[in-house]
Protein chains: 2
Amino acid sequence: MSRSDPTNLQPFVDRLLARSVLTPDEIQAILALPVHPVEVRGQTDFVQVNEKTSCACFIASGMVARFGETRDGQRQITAFHIPGDMVDLNSVVRPIAVGGLTTLCNTTILEVPHTAIRALAVRYPAVAEAFWRDTMLDAAILMQWVVNVGKQRAKTRLAHIFCEMAIRLGGDRQILQEYDFPVSQERLAEAAGMTGVHVNRSLKALREEGLVTVKRYSVKIHDWQRLAQTGEFEADYLVADTGTDRRARLLAGD
Amino acid sequence: MSRSDPTNLQPFVDRLLARSVLTPDEIQAILALPVHPVEVRGQTDFVQVNEKTSCACFIASGMVARFGETRDGQRQITAFHIPGDMVDLNSVVRPIAVGGLTTLCNTTILEVPHTAIRALAVRYPAVAEAFWRDTMLDAAILMQWVVNVGKQRAKTRLAHIFCEMAIRLGGDRQILQEYDFPVSQERLAEAAGMTGVHVNRSLKALREEGLVTVKRYSVKIHDWQRLAQTGEFEADYLVADTGTDRRARLLAGD
DNA sequence: GCACTATCATAAACTAGGTTAACTCGCGTG
DNA sequence: CACGCGAGTTAACCTAGTTTATGATAGTGC
């Protein structure tokens, strides 16, 4: 994996600051959280479905997928998590894992005890709000994922995923035209809700249309415009801070 | 719709108390939140996708669906909300609607301004945590929804939805064998990620197998056991407060 | 340098679910 | 009471995506 290899929570703070306002005091308090670094090899399930957890996992480097399982053991990936993400922040208030977590490649995790995070949230309301907001962004991504998986065609689903990752890996600001993405076609299939064979066919189509080339563990976007078009991708839900207050009007006539 | 028609937030407090511990003071503060009652007719979109909102919506009576849209206007329902739910509580920290909201029948909503909720959360950390926890339950349901839509067959998807509603309408304690569910087959299709015609076919099959009968706006479960089996439904993610801390063991060898 | 394994690639046969198009039933309304 | 309209129902046909299978390629350990 690229990126630097920080052993502190600075990238997490950066992430929060992109959407929340925090005082220097509050920032210091977050950086002072006790962390326990853990190296996890690729393709390792480090949290099981419905498992009870006692700490959140900050991704210092590497990549992680959250997944659910069907009875026959098939997996549906519900989220990809990248360096800077505090995976399982939700577990602070609901310590039952909503799905398992598995590494896509060798990954460095900084474990942060729930107790410490909760203490911080009690002391600094603004930090609590920032945490809540952060988990809500994940929820927004998840909602979009449902639409993608529930109502779109194969090529659209894949294109959407590549667009989403391009934005997120670019820090929600720039669009990365090329990035590492350590997933096999089988994994992509688990994310898009289809079979590996069909992923292969669809990737071939996307490649031949000149939209994107997905090689072993890397994505290269050739035509962002048309890829976003094909993926019906609107970045609003990731960046979002616009919109009009139409509800007020609609509900005016109470 | 059945149920009583409360004009205060008591049901919301009950909901929170099922998962969080709050002092009498804190409960009083929640009940003292300013609310603005609004009657909304059935089949009305009262929040648009990506709309900016300034208040959360408590459902006093009726039922509401959250949905996302594809470019050609097809809808994917991502959640059903029932009386007692504070829909859009997430909007307090991220005031861009993550999807639209539409009523399934005549519905009474109590609007609560974000400002008031945020003030409360700042003053009472335990309340903030309870709110956060409540939104995380929605997120857990949503994650299960992705698995359902992404990896299950038609009959399973529908059965899962009927199981989920049976538990939630029963207050997460009892399983309602019979309940009002004001959705057309077309709406069920939007929720399950399939077409109306196929919903009809699948409902017929479920009926003939003696699992469940879905009439116009009501659901009658005949055989909970086999329905849950067919829907691969595990109530854990809704009720959940158990589990074992396996991660500690797994990651011990750092 | 050779076995072993995982992933990529592609083809052929099959099927769950989509599409289209009637027809029916209940219900509200002029 | 006829009419219209929305929703349920069913049938015939079609296709996107699955299943199964077989080779090609490439990294990895010995």
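Naming convention: chains lettered A, B, ... in sequence-line order (proteins, then strands); numbering from 1 in each chain. Computed from a prediction, not measured in an experiment: that's the story for all the values here.
- Here the C1' atom of nucleotide D:dA7 and the CD atom of B:Gln185 are 8 Å apart, to the nearest Å.
- The residue from B:Arg226, B:Lys204, B:Lys155 that alone fulfils the salt bridge (Lys or Arg N to Asp or Glu O under 4.0 Å) condition with B:Glu209 is B:Lys155.
- Contact of B:Arg201 with C:dG18 (side chain to base): a donor-acceptor pair of N or O atoms is detected under 3.5 Å.
- Considering only heavy atoms from C-beta on, B:Asp236 stays 4.5 Å or farther from A:Ile96 through its side chain.
- Taking atom OH on B:Tyr217 and atom P on C:dG26, their separation rounds to 16 Å, with Å as the unit.
- One finds a side-chain N or O of B:Asn200 lying less than 4.0 angstrom from the OP1 or OP2 phosphate oxygen of D:dT9.
- Within a 6.0 Å sphere centred on CZ of B:Arg173, other residues, nucleotides and ligands contribute 12 heavy atoms or fewer.
- A heavy-atom distance below 4.0 Å to DNA chain D is reached by these residues of residues 189-199 of chain B, ordered by number: B:Val197.
- When side chains are defined from C-beta on, B:Ile141 counts as touching B:Leu238, because their heavy atoms get closer than 4.5 Å.
- Both B:Gln74 and A:Arg207 sit near DNA chain C, but only A:Arg207 has its closest nucleotide nearer the 5' end.
- Residues A:Ile109 and A:Phe46 are in side-chain contact: their nearest non-hydrogen atoms beyond the backbone lie under 4.5 Å apart.
- Rounded to whole angstrom, the span from the CG atom of A:Leu188 across to the P atom of C:dT7 amounts to 12 Å.
- Across the protein-nucleic acid pair, B:Leu203 atom CG and D:dA7 atom P stand 15 Å apart, rounded to whole Å.
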| request: Applying side chain to side chain contact (heavy atoms under 4.5 Å, CB included), run through B:Asp85 and B:Arg168 and close with a yes or a no. | output: CA-CA 10 Å; B:Asp85 283 7; B:Arg168 287 175 56 200; 3.1 Å; yes
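- For the pair A:Lys215 NZ and D:dA26 P, the interatomic distance rounds to 12 Å; values are reported in whole Å.
- In terms of position on DNA chain D, the residue among B:Glu186 and A:Lys155 whose nearest nucleotide sits closer to the 5' end is B:Glu186.
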| Derivation and outcome, salt bridge (charged side-chain N to carboxylate O under 4.0 Å, His left out), residues A:Arg75 and A:Asp45 | CA-CA 12 Å; A:Arg75 290 183 170 189; A:Asp45 297 353; 2.5 Å; yes
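- As rounded to whole Å, 10 Å separates atom P of D:dG17 from atom CG of A:Leu158.
- Among the atoms of the strands shown, only primed sugar atoms or phosphate atoms (P, OP1, OP2) are found under 4.0 Å from some heavy atom of A:Arg153.
- Between A:Lys204 and C:dA9 there is no side-chain polar atom (N or O) within less than 4.0 angstrom of OP1 or OP2.
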